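A quick write-up on the structure given underneath.
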Amino acid sequence: EAAVTQSPRNKVAVTGGKVTLSCNQTNNHNNMYWYRQDTGHGLRLIHYSYGAGSTEKGDIPDGYKASRPSQENFSLILELATPSQTSVYFCASGDVGANSDYTFGSGTRLLVI
Amino acid sequence: GDSVTQTEGQVTVSESKSLIINCTYSATSIGYPNLFWYVRYPGEGLQLLLKVITAGQKGSSRGFEATYNKEATSFHLQKASVQESDSAVYYCALRAGGYKVVFGSGTRLLVSP
């Protein structure tokens, strides 16, 4: 069954440390996305990708980098984690069609202390 | 930019009673946006509940319905008789063109027995 798998499910990181969140999809979708979800906010787009080797900035990219080494994998990297990055992060994949929707992973809960 | 506003916070409904979660949108792009409702059950990622891509049409799934009202710029989610298993967080979303889906802040539904 096609799916989006995120790892880890939970992560505790120290301020100033490096954090990498991983996402793998078996949907063969070209587009992949990283969102964060905070109480009182909708999902906010951090980075997205159109395909292997491409990364684009979303609405809130500051403090984050992304990497898309293959069609299946899309990583979110926090080079210097800060407490303000404590959140739940969702990865999604989607097809290129204008009427397509997303398939989401189960989320990664990140706590930066 | 594009935005989605939905019923804030938590809604508590007794089992077998009716439900409405309000959603209104603002889309600045040319044309009519695609509209979605996603649902997030505890411990899981978001999953598509229903979508409507044509103004004036109604989408339905699992007993839920939403009608795309372009005059009122609304896409309210309704269900005639909720069950405990419907307890989840519901997100209204739109895609106004291109890659990006914009989400509302989410509404937590608690169905009491």
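None of these values were measured; they are calculated from a predicted model.
- Around atom CZ of A:R44, more than 12 heavy atoms belonging to other residues, nucleotides or ligands sit under 6.0 Å away.
- Looking at A:D38, neither its backbone nor its side chain comes within 4.5 Å of chain B, counting heavy atoms on both sides.
- Taking the six-membered ring for Trp and thresholds of 30 and 60 degrees, B:Y38 and A:Y102 have ring planes inclined between 30 and 60 degrees apart.
- By the 6.0 Å contact criterion, CD on B:E8 is open, its count of non-hydrogen atoms from other residues, nucleotides or ligands being 12 or less.
- A:L110 and A:I77 sit in two unconnected hydrophobic clusters of ILVMFWY residues. Membership requires side-chain heavy atoms under 4.5 Å apart, directly or through other members.
- With hydrophobic clusters built from ILVMFWY side chains whose heavy atoms lie under 4.5 angstrom apart, A:F90 does not share a cluster with A:V112.
- Looking at A:Q37, only its side chain comes within 4.5 Å of chain B, counting heavy atoms on both sides.
- Here A:D101 contributes atom CG and B:L50 contributes atom CG; the two are 11.0 Å apart, rounded to the nearest 0.5 Å.
- Here the shortest heavy-atom pairing between B:G43 and A:S106 reads O-CB, 4.2 Å.
- Criterion: ILVMFWY side-chain heavy atoms under 4.5 Å apart, direct or through other members. Under it, B:F64 and B:V52 are part of a common hydrophobic cluster.
- A:M32 and B:V101 are members of different hydrophobic clusters when ILVMFWY side chains are connected at heavy-atom separations under 4.5 Å.
- With a threshold of 4.5 angstrom between heavy atoms, B:L48 approaches chain A through side-chain atoms but not through N, CA, C or O.
- Heavy atoms closer than 4.5 Å to chain B are found in both the backbone and the side chain of A:L43.
- Between B:L46 and A:F104, the closest heavy-atom pair is O-CB, 3.2 Å.
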